[in-house]
Amino acid sequence: QVHVVESGGGVVQAGGSLRLSCAASGSIFSINTMGWYRQAPGKQREPVATITSGGITNFADSKKGRFAISRDNAKNTVYLQMNSLKPEDTAVYYCNARVRRRVDEVIGDLYWGQGTQVTVSS
């Protein structure tokens, strides 16, 4: 079993900051890519940022400059630092992890968390 749990969401005023955390636990050999996605009411889930085990990051264009992603491989944890938040950033933020459960797995399976709500008030 693998569990992915997000934390750190909340209500913040426009212009403020939040730091989200996401920890994976359970039967884990290693984790390849970890990523953050978000889903606003009435909209499809969209990518925010991803990071490989080696620290290579990728951002959706609109998040560059305001958001930063990092990870602690020893803790199987990924973080999303969000600055200069806007009301349009309001969404449920989800984390996923590409987990190798055994040494003979090359790619691994994708596990998702339950999401954490971020609300930005104007």
Side-chain angles (χ1 to χ4, degrees):
Q1 290 282 3
V2 174
H3 300 281
V4 176
V5 179
E6 303 96 336
S7 61
V11 180
V12 63
Q13 287 190 332
S17 298
L18 276 178
R19 189 191 193 209
L20 306 183
S21 300
C22 169
S25 62
S27 180
I28 298 172
F29 173 73
S30 68
I31 301 177
N32 291 334
T33 300
M34 301 184 80
W36 287 97
Y37 295 73
R38 71 185 188 185
Q39 187 167 17
K43 295 186 177 182
Q44 290 188 332
R45 190 174 299 188
E46 63 175 2
V48 175
T50 60
I51 184 168
T52 68
S53 58
I56 297 173
T57 60
N58 188 42
F59 290 87
D61 287 343
S62 63
K63 288 67 172 183
K64 287 181 181 178
R66 296 192 299 123
F67 291 5
I69 187 171
S70 60
R71 68 188 278 177
D72 184 332
N73 290 331
K75 296 181 179 179
N76 291 330
T77 299
V78 63
Y79 306 97
L80 184 69
Q81 177 68 42
M82 304 185 292
N83 301 320
S84 302
L85 283 163
K86 305 174 182 180
E88 51 264 43
D89 293 318
T90 294
V92 178
Y93 283 71
Y94 296 91
C95 167
N96 70 17
R98 179 72 65 176
V99 176
R100 297 172 64 203
R101 297 180 63 185
R102 302 183 306 274
V103 63
D104 60 335
E105 287 185 343
V106 176
I107 297 175
D109 294 324
L110 194 63
Y111 294 87
W112 287 88
Q114 292 298 307
T116 185
Q117 176 70 48
V118 171
T119 302
V120 184
S121 61
S122 56

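Residue numbers count from 1 along this sequence.
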Decide side chain to side chain contact (heavy atoms under 4.5 Å, CB included) for Arg66 and Asp89; before the verdict, give the C-alpha distance in whole Å, the side-chain angles of both, and the deciding distance to 0.1 Å. CA-CA 11 Å; Arg66 296 192 299 123; Asp89 293 318; 2.8 Å; yes
Does Ile51 belong to the same Ile/Leu/Val/Met/Phe/Trp/Tyr cluster as Val2, with side-chain heavy atoms less than 4.5 Å apart forming each link? yes
Test item: Glu6 side-chain N/O and Cys95 main-chain N/O as donor-acceptor pair under 3.5 Å: yes
Answer yes if Val48 and Val12 sit in the same cluster of Ile, Leu, Val, Met, Phe, Trp and Tyr residues linked by side chain heavy atoms under 4.5 Å apart, and no otherwise. yes
When you compare the side chain of Arg45 with that of Trp112, does any pair of heavy atoms fall below 4.5 Å? yes
Between Tyr94 and Gly113, what is the shortest heavy-atom contact and its length? CD2-O, 3.7 Å
Whether the side chain of Arg101 engages the backbone of Gly108 through a donor-acceptor N/O pair (distance < 3.5 Å, no angle test) should be reported. no
Exam field: side chain Asn76 to backbone Ile31, donor-acceptor pair closer than 3.5 Å: no
Sort out for me which residue in Val5, Asn96, Leu80, Val78 forms a side-chain contact (heavy atoms from CB on, under 4.5 Å) with Cys22. Val78
Hydrophobic cluster identity match, Val92 and Trp36, side-chain contacts under 4.5 Å: no
Start with the C-alpha distance between Arg102 and Ser27, add both sets of side-chain angles, then the distance that settles side chain to side chain contact (heavy atoms under 4.5 Å, CB included), and finish with yes or no. CA-CA 9 Å; Arg102 302 183 306 274; Ser27 180; over 6 Å; no
Value for OG1 (Thr57) from CE (Met34), rounded to nearest 0.5 Å, stands at 14.5 Å
Do Val99 and Tyr79 share a hydrophobic cluster (ILVMFWY, side-chain heavy atoms under 4.5 Å, transitive)? no
Is Asn32 reaching over with its side chain to a backbone N or O of Arg100, donor-acceptor style, under 3.5 angstrom? no
Closer than 3.5 angstrom, by distance alone: can the side chain of Arg98 be matched with the main-chain N or O of Thr33 as a donor-acceptor pair? no
Side chain to side chain contact (heavy atoms under 4.5 Å, CB included) for Phe67 and Leu85? Distances and angles first, verdict last. CA-CA 9 Å; Phe67 291 5; Leu85 283 163; 4.0 Å; yes
Expected list for residues 14-21: side-chain donor-acceptor pairs under 3.5 angstrom, two or more places apart:
residue : atom : partner : partner atom : Å
Ser17   : OG   : Asn83   : OD1          : 3.0

Measure from the side-chain N and O atoms of Asn58 to the backbone N and O of Thr50, and report whether any donor-acceptor pair falls under 3.5 Å. no
Heavy-atom closest pair (Met82 atom, Tyr93 atom, distance to 0.1 Å) is SD-CE2, 3.7 Å
Under 3.5 Å, side-chain donor or acceptor atoms of residues 114-122 against the rest of the protein: list the pairs with distances, not counting sequence neighbours.
residue : atom : partner : partner atom : Å
Thr116  : OG1  : Gly9    : N            : 3.2
Gln117  : NE2  : Ala91   : O            : 3.4
Gln117  : NE2  : Thr119  : OG1          : 3.3

